[in-house]
Amino acid sequence: TWAISWVAAAYHNGMHLLPAAAPHDLATLAAALTTHGVCLLPDFQDAIATRALRLQLQAMQATGNLQPAGTGQGAGHRSSGMTRGDSTHWIEEDQGTATTAYLSALHALRASMNRQLFLGMPEVEAHFACYPAGAGYKRHRDRFQGSNSRVLSLVTYLNDDWQDADGGALRLHLPEGTVDVLPQACMSVCFLSETEHEVLPATRERLSIAAWLRTG
Ligand code: OGA
Ligand code: MN
């Protein structure tokens, strides 16, 4: 039996709960993804790690190291106009202790999903994202057209004391219905990259890391 618990963090039309897995219980994450296509990971980054990641993002912000996001890639790349309003910074090795620890957690998750789900994902990519108040990201999938390389999406939130009234939910359009996840510090959410989702505008700045596990 799998230790899936159900978290009431997300409601839309008062109908849905989401499965959740403890931070190191990646077997439960795999089971929830197989069955439901989505799983919450509370404390995938704990309070200390989350704070360190937020400080690293804010330092990049302060030094002008975030770029307005585009959509698509290569020849299909276009500046995003109204599609998305965030600014991003790609995370690489040797950018600081917080991101180094984050990347090793991401690779552990990748290796575990490869073992348990036979997914064969050799690569990860991840970026910090900052949505200013009023910005969102229209309904989309994370797989680029003509490419199936993104298999799993993982979003980690860095915002202390997020309230319902602040808005800014991640809205997932699941087969069973529509579910909202607030971008609360220490919450991460993992879902199949083919899932349609959107970021609703918030009344305050919204900080996160978006990551993808890829086949190549
Ligand atoms: C994305 C995305 C969701 C979020 O960056 O592709 O959908 O909650 N982010 O920030
Ligand atoms: Mn997305």
Side-chain angles (χ1 to χ4, degrees), residues 7 9-12 16 18 20 33 37-42 44-45 50 53-54 56-58 60-61 66-73 76-91 99 102 106 109 121 123-145 147-160 162-164 166-174 178-214:
V7 168
Y11 293 105
H12 194 66
H16 291 285
L18 285 179
L33 288 172
V38 59
C39 189
L40 296 175
L41 280 169
F44 173 67
Q45 297 295 295
T50 296
L53 287 166
R54 184 172 58 241
Q56 205 169 315
L57 170 50
Q58 285 167 338
M60 288 171 174
Q61 217 175 354
L66 301 183
Q67 298 86 34
T71 54
Q73 64 181 358
H77 182 90
R78 55 198 161 81
S79 84
S80 59
M82 298 301 289
T83 306
R84 63 188 292 189
D86 57 330
S87 290
T88 63
H89 184 101
W90 289 98
I91 295 175
T99 44
Y102 167 80
L106 190 60
L109 190 147
M121 303 173 296
E123 291 183 20
V124 302
E125 57 183 345
H127 65 54
F128 284 115
C130 171
Y131 291 76
Y137 192 158
K138 287 204 164 50
R139 185 164 169 166
H140 66 281
R141 295 186 169 97
D142 286 345
R143 290 185 164 198
F144 291 120
Q145 255 172 355
S147 156
N148 286 339
S149 67
R150 287 175 169 178
V151 178
L152 291 177
S153 302
L154 176 74
V155 191
T156 295
Y157 299 111
L158 308 178
N159 311 288
D160 276 335
W162 198 272
Q163 307 295 321
D164 287 9
D166 295 332
L170 166 67
R171 178 163 289 176
L172 295 161
H173 299 276
L174 302 171
T178 302
V179 179
D180 289 354
V181 179
L182 288 181
Q184 190 69 257
C186 301
M187 183 57 75
S188 293
V189 55
C190 188
F191 55 92
L192 305 183
S193 296
E194 67 194 22
T195 308
E196 286 192 34
H197 59 283
E198 61 193 297
V199 178
L200 304 182
T203 59
R204 52 179 273 205
E205 184 177 76
R206 179 189 190 276
L207 304 179
S208 62
I209 298 174
W212 296 275
L213 309 190
R214 305 167 37 133

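What you see is a predicted model; the values in this text were computed from it and never measured. No hydrogens, no waters, no symmetry mates; every other heavy atom, side chains included, goes into these values. One-based numbering, in listed order, for ligands and for the atoms of each.
Nearest heavy atoms, L154 versus F44: CD2-CE2, 3.6 Å. Scanning all heavy atoms of the two residues, the minimum distance from S208 to V155 falls at CB-CG1, 4.2 Å.
Ion pairing of E123 with R214 is present here, as a side-chain N (NZ or NE/NH1/NH2) and a carboxylate O approach within less than 4.0 Å. Here E196 pairs with R141 in a salt bridge; the nearest charged N to carboxylate O distance falls below 4.0 Å. A salt bridge between R150 and E194 is absent, with no side-chain N of the basic residue lying under 4.0 Å from a carboxylate O of the acidic one.
Residues satisfying the ring-ring contact (aromatic ring centres under 6.0 Å, His included) criterion with H140, sequence neighbours excluded, are Y137, H197. Residues forming a side-chain contact (heavy atoms from CB on, under 4.5 Å) with Q58 (at least two apart in sequence, or on another chain): R54, L55, Q61, L207.
Neighbours of the Mn ion (ligand 2) restricted to protein N, O or S atoms under 2.8 Å: the count is 3.
Between the side chains of T99 and Q56, at least one donor N or O lies within less than 3.5 Å of an accepting N or O.
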Present, as a list of atom pairs with distances to 0.1 Å, all nitrogen or oxygen contacts under 3.5 Å between ligand 1 and the protein.
residue: ligand 1; atom: 6 (O); partner: H140; partner atom: NE2; Å: 3.3
residue: ligand 1; atom: 6 (O); partner: D142; partner atom: OD1; Å: 3.2
residue: ligand 1; atom: 7 (O); partner: H140; partner atom: NE2; Å: 3.2
residue: ligand 1; atom: 7 (O); partner: H197; partner atom: NE2; Å: 2.9
residue: ligand 1; atom: 8 (O); partner: Y157; partner atom: OH; Å: 2.5
residue: ligand 1; atom: 8 (O); partner: R206; partner atom: NH2; Å: 2.7
residue: ligand 1; atom: 10 (O); partner: R206; partner atom: NH1; Å: 2.9

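For the side chain to side chain contact (heavy atoms under 4.5 Å, CB included) test with F191, the passing option among L152, D142, L18 is D142; the others fail.
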